[in-house]
S.K.: 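Below is a structure I'd like to ask you about.
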Amino acid sequence: MNKEKISVVVCVKNEESRIEECLKRIQLNSPDEIIVVDGDSSDRTAEIAHMYTDKVITTHNSNLTRDRQIGLNAAKNEYIAMIDGDHRLEKGDLDSLLNDLLDNQYAIVQSQLKSFCNTNWLNRGEEQMWELFHNIPGPKDMIGVAPAMYRKSLFKRIQFDDTITKTIDDTDFIYRLSLLPDIKYGIGDTKIAQFHTDAYRDYIKKFKWYGIGDGEFCIKHKKRAPSMWFHLLIRYPLLYPMRAILAGKFYAAGYCFLQGVIRARWMIATSIKKE
């Protein structure tokens, strides 16, 4: 069993309906510290967070990118778990994620994902998509930034930078990380639950948010733009649904098609507007 101390960083804004369950489940893992970075919520998010940790940082005129780095800077330990408000840990998940990091000698390891609950076809489609395209352990060229375990020493070389992408910096951060020759990261064996919204409009908002970030990424990194265009115009709406259908994952086929179409629409709109 690991004896290393783990810091947990949770970045939130207006998450009063989800933050308490997230923090309760983090506490089950007995981390050394929990740091909540609240993006100046207008609801009870910060109040609820104070019930579970004395390390609550409120930021003003900020964004998720900057808040992630603020939380990482505040952490006192080398091993830092980045957990979002919709993640639902089980006891032992943090130690398991740290083992994934240490055993593979990663700088960052992202967990596999599973559903906390399924209430409609979009929820089922998202989980089927994870099983097909995400939950494959091993080194990767691209990963997500949460739920994940980091080595703090990594940030002496590269940081989340809100001047690069103000809306979402996840793709940009990992892309810049990939340019460093000796950084290893990937997906581990740990599988962490994610809470699903059951509202169709929330999925549309999420896909729109992704698409805006995709458009910003294409503008900032023009050499990578053709790959992103292929990803959203061909892979998501066509290739992924075909693979899903062949695998008998019919909900995933619809989910990937919808996500590809909406993300592409907002990627195009953002690219045109900002160019």
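Numbers for residues simply follow the sequence, beginning at 1. What you see below is based on every heavy atom in this structure, not just the backbone, and it leaves out hydrogens, waters and symmetry mates.
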S.K.: Would you please indicate if the ring centroids of F173 and F160 are separated by under 6.0 Å?
M.R.: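 Here the rings of F160 and F173 have centres that are less than 6.0 Å from each other.
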S.K.: So among N123, T197, N120, which one has a side-chain hydrogen bond (donor to acceptor under 3.5 Å, both in side chains) with Y203?
M.R.: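 The option that passes is N123.
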S.K.: Answer yes or no: does atom CZ of F133 have more than 12 heavy-atom neighbours from other residues, nucleotides or ligands under 6.0 Å?
M.R.: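 Result for CZ/F133: enclosed.
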S.K.: Can we say K3 and D95 salt-bridge, meaning some charged N sits less than 4.0 Å from an Asp/Glu carboxylate O?
M.R.: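 D95 and K3: not salt-bridged.
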S.K.: Identify which one of K114, R124, R243, K191 satisfies the salt bridge (Lys or Arg N to Asp or Glu O under 4.0 Å) criterion when paired with E131.
M.R.: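 Going through the options one by one, the only one that passes is K191.
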S.K.: Charged N to carboxylate O under 4.0 angstrom, R25 versus D93?
M.R.: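 Looking at D93 together with R25, the answer is no, because their closest N to O distance does not fall below 4.0 Å.
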S.K.: Between Y255 and F207, what is the ring plane arrangement, given parallel below 30°, perpendicular above 60°, and tilted in between?
M.R.: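 Geometry flag for F207 against Y255: perpendicular rings.
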S.K.: Could you tell me whether K152 atom NZ has more than 12 heavy atoms of other residues or ligands within 6.0 Å of it?
M.R.: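 More than 12 within 6.0 Å, yes.
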S.K.: Strictly below 4.0 Å, N to O, side chains only: are K206 and D202 in salt-bridge contact?
M.R.: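 Looking at D202 together with K206, the answer is no, because their closest N to O distance does not fall below 4.0 Å.
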S.K.: Can the ring centres of Y175 and H221 be said to be less than 6.0 Å apart?
M.R.: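 Yes - the distance between ring centres of Y175 and H221 falls below the 6.0 Å cut-off.
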S.K.: Does the Lys NZ or Arg CZ of R263 fall within the cation-pi geometry relative to Y236 - under 6.0 Å from the ring centre and within 45° of the axis?
M.R.: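 Flagged: R263 positioned over aromatic ring of Y236.
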S.K.: Report yes or no: do V9 and V56 belong to one cluster of Ile/Leu/Val/Met/Phe/Trp/Tyr joined by side chain heavy-atom distances under 4.5 Å?
M.R.: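 No.
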S.K.: Any idea how H196 and W130 line up, ring-wise: parallel (<30°), tilted (30 to 60°), or perpendicular (>60°)?
M.R.: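 Parallel.
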